[in-house]
Each structure stands twice: as C-alpha cells, then as structure tokens.
Student: 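The structure that follows is given in the form of structure tokens.
The analysis underlying the following values was restricted to heavy atoms, covering all of them including side chains, and did not include hydrogens, waters or symmetry mates. Order of listing sets the numbers, starting from 1, for every ligand and every atom in it.
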Amino acid sequence: MRIDIITVLPEMLTGFVGTSILARAQKKGLAEIHIHNLRDYTTDKHRRVDDYPFGGFAGMVMQCQPIDDCISHLKAERHYDAIIFTTPDGRQFDQPMANSFSLMQNVIILCGHYKGIDYRIREHLITHEVSIGDYVLTGGELAAAVMTDAIVRLIPGVLSDEQSALSDSFQDNLLAAPVYTRPADYKGWRVPDILLSGHEAKIKEWELTQSLERTRRLRPDLLAERHK
Ligand code: 6GU
C-alpha cells in the first residue's frame with residue numbers, strides 16, 4: 001500500500017513515519033509513505049499557500065492552486081482509491097474505517113490547516129473527509145499520523161503473529177482483557193491464578209469474560225453496537 005501525505009509542516013511527519021512499526025513496514029516493502037511539502041507546489045513567488053477569505057471572515061484559507069497541482073501531479077502517476085481530507089467536521093475515524101482504508105492500494109491524505117481550505121477543493125477533489133474526534137487540533141498533521149498508524153499496522157505482514165491486530169481492543173467491539181508478565185508476584189501484587197494454571201480452555205474463557213466485563217463497565221456503548 002502507498003500513502004501520500006500532503007502538508008505544510010512535513011517536519012511534523014517525517015520523524016513519525018520513519019520510526020518503529022511504520023519504518024519496519026516500509027523496509028519490508030509492505031507500505032510506502034511519501035510526505036509532500038505543499039509549498040513545493042505553489043506558483044507564488046513568496047511560496048504562500050494561503051490567502052484571505054472572501055466575505056471578510058477571520059483567518060486564512062488554503063488556496064486551490066498548490067493543492068490542485070500537487071494532487072494532479074500524484075494522480076498523473078497512479079490511480080488513487082481515496083483522497084482523504086483531515087478536518088474536524090469530517091466523519092469520525094474508527095476501526096472499520098481503518099480496516100477499509102488498509103485494503104486500498106493508493107491513498108492521499110491532505111492535511112488541513114488554518115481556518116480551512118478553499119471549499120472547491122473539497123467539492124471537486126476530496127473523496128473522504130475524516131476527523132479523529134470531537135476536539136480541535138491546530139492542523140491535520142496529527143490526525144494524518146494517527147490514521148496512517150492505524151491503517152498501516154493492519155496490512156498483512158506488518159505485525160508479527162504475537163502482535164496480531166485480531167486481538168486488538170475494538171476489532172470486535174470488545175475491549176481487550178488485561179495482560180501480565182513476570183514476575184507472577186510483584187510486591188504482593190499477584191497475577192490472576194487462572195493465567196498460571198496452564199488450562200488453555202479456562203484461560204480463553206477468562207479472557208472473554210474479562211473482555212465483556214471491562215466493555216460493559218467502561219464502554220457500554222460498544223456492546224450496544226455489537227448487538228446491532
Ligand atoms: Cl482531522 N483536524 C483538526 N484540525 N482538528 C481535528 C481533527 C482534524 N480531528 C479532530 N480534531
């Protein structure tokens with residue numbers, strides 16, 4: 001899978017995509033992540049990518065030209081399955097969305113900034129508008145990082161069997177059961193006996209009971225979702 005991220009703050013993302021699981025996914029050839037500096041596409045001699053809004057509103061608006069040129073440049077090279085715009089008024093990102101994006105071949109993520117982008121870009125070029133939650137970030141870079149991480153870790157081969165995405169919280173609308181490692185007794189804080197018993201079937205049953213109990217207590221909304 002290939003992800004192209006368009007941003008005015010490339011330095012916010014280069015370290016992130018070159019670290020840990022995302023770095024390994026790229027080294028293994030399972031993911032390609034390219035960061036594009038929007039300023040490289042402006043025809044403005046001062047490298048401006050924003051301007052004052054029509055109508056006399058406050059704030060600055062990202063202009064059509066650099067965004068259109070950058071996206072056109074990418075589209076001339078390959079077909080894109082999704083052109084995502086990060087924006088607080090988008091649809092809220094969740095695990096099913098991560099799953100469906102992870103099945104795609106080529107995806108563009110355009111990071112929003114300032115008061116917004118010229119609405120004509122959203123009307124004519126964007127296929128998906130996505131938010132990561134009901135709070136306001138200064139820019140879409142962190143949202144792009146969150147989405148990229150959630151998407152790339154789902155690509156087959158990116159995680160090892162032990163880290164398998166199948167046991168994640170949310171994958172089946174259940175929170176994960178608690179996990180423990182050695183020592184079995186730390187300062188009198190004991191690991192549940194069942195986990196030391198070696199009874200595989202009983203351990204599985206314990207895990208499901210814990211998942212259900214924690215979901216009922218902490219996220220009852222997820223259980224309601226499960227029964228739909
Ligand atoms: Cl995608 N962008 C911004 N600026 N703020 C957000 C967001 C996105 N998602 C939640 N808050």
Student: If you look at every heavy atom in R48 and R39, which pair is closest and at what distance?
Tutor: CA-NH1, 4.3 Å
Student: Can you tell which of V130, L137, V136, T86 gets a heavy atom nearest to atom 7 (C) of ligand 1?
Tutor: L137
Student: For Y80 and D4, does a side-chain donor sit closer than 3.5 Å to a side-chain acceptor?
Tutor: yes
Student: Out of I109, I132, I84, indicate the one that has the non-hydrogen atom closest to atom 9 (N) of ligand 1.
Tutor: I132
Student: Verify the distance criterion only: is there a donor paired with an acceptor across the side chains of Q105 and H79 at less than 3.5 Å?
Tutor: no
Student: Output, in order, the C-alpha distance, side-chain angles, deciding distance and verdict of side chain to side chain donor-acceptor pair (under 3.5 Å) for D44 and T42.
Tutor: CA-CA 5 Å; D44 180 73; T42 179; 5.1 Å; no
Student: So which protein heavy atom does atom 1 (Cl) of ligand 1 come closest to, and at what separation?
Tutor: T87 N, 3.1 Å
Student: Measure from atom 8 (C) of ligand 1 to every heavy atom in G139, P88, C111, G90 and give the option owning the shortest one.
Tutor: P88
Student: Does ligand 1 have any atom that is closer than 4.0 Å to a heavy atom of L142?
Tutor: no
Student: Should G133 be listed as contacting ligand 1, given a heavy-atom distance under 4.0 Å as the test?
Tutor: yes
Student: Applying salt bridge (Lys or Arg N to Asp or Glu O under 4.0 Å), name anything that partners D51, two or more places apart in sequence or on another chain.
Tutor: none
Student: Please work out, at 4.0 Å between heavy atoms, whether the side chain, the backbone, both, or neither of D134 comes within that distance of ligand 1.
Tutor: neither
Student: Looking only at distances, can you tell me whether any N or O atom of Y135, backbone or side chain, sits closer than 3.5 Å to an N or O atom of ligand 1?
Tutor: yes
Student: At a non-hydrogen distance cut-off of under 4.0 Å, which region of A143 contacts ligand 1 (side chain, backbone, both, or neither)?
Tutor: side chain
Student: Cluster question for you: counting only ILVMFWY and a side-chain heavy-atom cut-off of under 4.5 Å, with indirect links fine, are L175 and L223 together?
Tutor: no
Student: Does the side chain of L159 come within less than 4.5 Å of R153's, by heavy atoms?
Tutor: yes
